[in-house]
Amino acid sequence: MRLSRYFLPVLKENPAEAQIVSHRLMLRAGMIKQAASGIYSWLPLGYRVLRNIERIVHEEQQRAGHIPMLMPTLQSADLWRESGRYDDYGEEMLRVTDRHGRDMLYGPTNEELITDIFRSHVGSYRDLPLTLYHIQWKFRDEVRPRFGVMRGREFYMKDGYNFDLTEADAKHAYNRHLVSYLRTYERMGLQAIPMKAEGGPIGGDYTHEFLVLAETGESGVFYDSEITDLRFGHREIDYDDAPACQAVLEEFTSRYARTDDTHDEAVFNERVPEARRRQARGIEVGQIFYFGTKYSEPMGATVADKDGNRVPVHMGSHGIGVSRLTGAIIEASHDDKGIIWPEGVTPFHCGIVNLKQGDTKADAACEALYASVAALGLEALYDDTEERAGAKFATQDLIGLPWRITVGPRGLKNGVVELTSRRTGESEEMPPAAAIERIAQVYGKAASI
RNA sequence: CGGGCCGUGGCGCAGCCUGGUUAGCGCGUCCGUCUGGGGGACGGAAGGUCGCGAGUUCGAAUCUCGCCGGCCCGACCA
């Protein structure tokens with residue numbers, strides 16, 4: 001993308017409305033614009049990041065064998081009355097009435113809908129196990145939205161639902177989700193720690209929240225410092241291998257890690273040596289639940305087992321806050337100049353900065369680099385504007401592209417451009433072809449020049 | 001929903017207390033010139049129903065009341 005043809009309304013100053021760093025940076029980098037309290041438009045740069053996060057979630061869900069679908073944002077109140085949650089959910093639920101006077105609601109979650117789909121079409125144990133998920137906008141009418149997309153009213157979320165014949169099968173589904181979530185967050189450059197959590201209005205007590213440590217986190221967390229050394233990494237795992245999934249769960253959840261909801265000081269002190277006790281804050285970016293037959297029983301989601309008896313299915317649900325992750329990643333990865341995108345979610349793979357727009361050689365070198373990046377199947381944001389060098393660098397730093405290729409007449413005289421890492425700030429001069437080679441390497445692409 | 005604060009060109013703010021010419025400043029935007037490796041300089045220009053509505057007054061950005069919107073703390077929450 002050529003910056004001269006793009007839409008990137010960056011702000012030099014901090015908008016007064018934003019208090020925390022991710023909100024400020026998202027506004028300044030031209031990623032979002034507030035449309036109403038807790039409701040945001042995603043401008044082109046923000047939209048790219050949102051789509052990248054979504055893509056990773058999709059890929060990892062499907063890798064784990066989960067099946068994508070899409071349910072609506074507006075739902076009929078009838079199903080919610082059936083489950084008993086129409087009243088339980090309270091003011092958080094946005095209720096609307098259609099022209100016929102029917103009660104509708106903008107879904108805060110989808111257990112009722114999915115259960116209804118399930119009971120309509122699944123009747124036999126032979127159809128199990130089944131895990132369906134979707135990524136859709138949700139709405140919870142928070143009393144006090146804040147922190148930008150981290151706690152909006154409208155939010156984009158992946159929610160998945162597993163249906164199993166037995167508790168043991170459902171526990172495996174739970175474990176499988178835990179593993180796939182670990183992979184998912186790591187691909188986004190995040191360390192998200194599974195912590196024992198409260199069930200909340202979703203229900204169930206077999207549940208973990210995934211938290212990213214950050215000073216601005218909304219939850220207080222207590223954990224054994226050993227836990228931050230754990231990495232899932234690139235290990236292969238067979239998602240159908242129940243013992244293997246169970247082993248990962250044990251590896252990642254055996255140490256003390258709880259939010260302040262479930263924190264128990266006595267247990268903490270007993271189980272964790274003082275030197276390893278940590279108290280911090282965290283941002284919740286996902287949660288997994290096993291809730292047994294809580295919905296299947298009242299809503300009649302049953303299957304015939306081998307003996308022909310109708311039995312309620314065991315269910316679980318699992319969420320990842322896709323829009324919230326955009327903010328969470330920034331909270332976890334920024335400096336005083338701006339955002340630092342992990343390679344997995346960056347809106348552009350690299351930036352190309354032309355220091356002297358209009359200089360024949362600089363223009364030509366930039367065009368060639370731009371074409372080379374595209375030939376790798378990657379996307380560069382080419383700053384071909386008439387801005388001065390300082391302004392271009394400031395913009396690049398602000399929007400946080402992990403790599404920058406700087407091209408100017410001075411370097412070109414010696415046949416080199418400059419490759420700079422946003423994260424370390426380190427710059428290295430090299431011929432253009434070598435810079436492309438490095439970009440290819442970083443993103444696991446074969447350079448073909 | 002309780003408590004506090006704020007709405008003035010796109011953004012950040014001053015002016016309000018103590019009403020009175022054409023409502024200022026910085027940034028950004030547009031045009032021009034000089035520039036050109038970390039938000040450059042100079043010259044010119046555009047852009048504002050002072051959140052909305054009532055009221056007080058000869059006169060309201062300024063005072064009063066109501067409403068709307070937003071921010072912060074708390075309770076609540078992915």
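- Here the shortest heavy-atom pairing between A:Ser421 and A:Trp403 reads CB-CZ3, 3.6 Å.
- Taken residue by residue, residues 51-66 of chain A places no heavy atom nearer than 4.0 Å to RNA chain B.
- Residues forming a ring pair (Phe, Tyr, Trp, His ring centres under 6.0 Å) with A:Trp341 (at least two apart in sequence, or on another chain): none.
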Enumerate the protein-to-nucleotides 67-70 of chain B contacts in which both atoms are nitrogen or oxygen and the separation is below 3.5 Å.
from  : atom 1 : to      : atom 2 : distance (Å)
B:G70 : OP1    : A:Ser37 : N      : 2.7

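- A:Glu91 comes within 4.0 angstrom of no nucleic acid atom, judged by non-hydrogen atoms across all strands.
- Projected onto RNA chain B by closest heavy-atom contact, A:Ile20 and A:Asn14 fall at different nucleotides, the more 5' of which corresponds to A:Asn14.
- The ring pair (Phe, Tyr, Trp, His ring centres under 6.0 Å) test applied to A:Tyr156 returns A:Trp137, not counting sequence neighbours.
- For the pair A:Arg183 and A:Phe232, the cation does not sit on the ring face, since its NZ or CZ is not both under 6.0 Å from the ring centre and inside 45° of the axis.
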- Heavy atoms under 4.0 Å is the rule here; annotate nucleotides 30-42 of chain B 5' to 3' with B where the base is hit, S where only the sugar-phosphate is, and - elsewhere. -----BBBBBB--

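- A:Asp363 is linked by a side chain to side chain donor-acceptor pair (under 3.5 Å) to A:Asn354, counting only residues two or more places apart in sequence or in another chain.
- Of all nucleotides listed (B:C11, B:C76, B:C71), B:C11 comes nearest to the side chain of A:Pro15.
- Remark: A:Arg95 is positioned above the aromatic ring of A:Tyr86, its terminal NZ or CZ atom under 6.0 angstrom from the ring centre and at most 45 degrees off the axis.
- Remark: A:His318 engages A:His177 in a ring pair (Phe, Tyr, Trp, His ring centres under 6.0 Å) (not counting sequence neighbours).
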- Check step by step if ring pair (Phe, Tyr, Trp, His ring centres under 6.0 Å) holds for A:Phe348 and A:Tyr6. CA-CA 12 Å; A:Phe348 293 95; A:Tyr6 201 48; 5.6 Å; yes

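- For B:C77, the OP1/OP2 oxygens have no side-chain nitrogen or oxygen of A:Arg324 closer than 4.0 Å.
- Between the base of B:C77 and the side chain of A:Arg140 there is no donor-acceptor pair shorter than 3.5 Å.
- Remark: B:A41 base-pairs with B:U33; criterion is Watson-Crick or G-U wobble with both hydrogen-bond distances under 3.5 Å.
- Between the CD atom of A:Glu13 and the C1' atom of B:A14 there is a distance of 14 Å, given to the nearest Å.
- Contact check for A:Gln357 versus A:Lys392: side-chain heavy atoms found under the 4.5 Å cut-off.
- What separates CG of A:Asp260 from P of B:C77 is a distance of 12 Å, to the nearest Å.
- Base pairing of B:C25: its partner is B:G12, meeting the Watson-Crick or G-U wobble criterion (both donor-acceptor distances under 3.5 Å).
- Using N1 to N3 plus N6-O4 or O6-N4 for Watson-Crick, or N1-O2 and O6-N3 for G-U wobble, each under 3.5 Å, B:C17 pairs with nothing.
- By the ring pair (Phe, Tyr, Trp, His ring centres under 6.0 Å) test, A:Tyr256 is found to be paired with A:His263, A:Phe268, residues two or more places apart in sequence or in another chain being considered.
- Among the protein residues, A:Asp359 comes within range of no part of the nucleic acid, since none of its heavy atoms lies under 4.0 Å from any strand.
- Residue A:Gln62 places its CD atom among more than 12 non-hydrogen atoms of other residues, nucleotides or ligands, all under 6.0 Å distant.
- Contacts of A:Glu13 classified as side chain to side chain donor-acceptor pair (under 3.5 Å), with partners at least two apart in sequence or in another chain: none.
- Listed by chain and number, the residues in a side chain to side chain donor-acceptor pair (under 3.5 Å) with A:Asn175 are A:Gln246 (sequence neighbours excluded).
- Taking A:Ser427 as the reference, A:Thr420 meet the side chain to side chain donor-acceptor pair (under 3.5 Å) condition, with sequence neighbours excluded.
- Here B:U64 sits opposite B:A54 as a Watson-Crick or G-U wobble pair (both hydrogen-bonding atom distances under 3.5 Å).
- Base engagement by A:Gly152 is indicated by at least one non-hydrogen atom pair under 4.0 Å involving a base atom.
- Remark: B:G59 base-pairs with no nucleotide in the shown strands. Criterion, Watson-Crick or G-U wobble with two distances under 3.5 Å.
- Using the Watson-Crick or G-U wobble rule with both distances under 3.5 Å, B:C5 pairs with B:G70.
- Where A:Glu209 and A:Phe147 each meet RNA chain B at their nearest nucleotide, the meeting point lying more 5' is that of A:Phe147.
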- Treat primed atoms plus P, OP1 and OP2 as sugar-phosphate and everything else as base, then score nucleotides 2-9 of chain B 5' to 3': B for base contact with protein heavy atoms under 4.0 Å, S for sugar-phosphate contact only, - for none. --------

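- Counting non-hydrogen atoms of neighbouring residues, nucleotides and ligands closer than 6.0 angstrom, the CZ atom of A:Arg5 reaches no more than 12 such neighbours.
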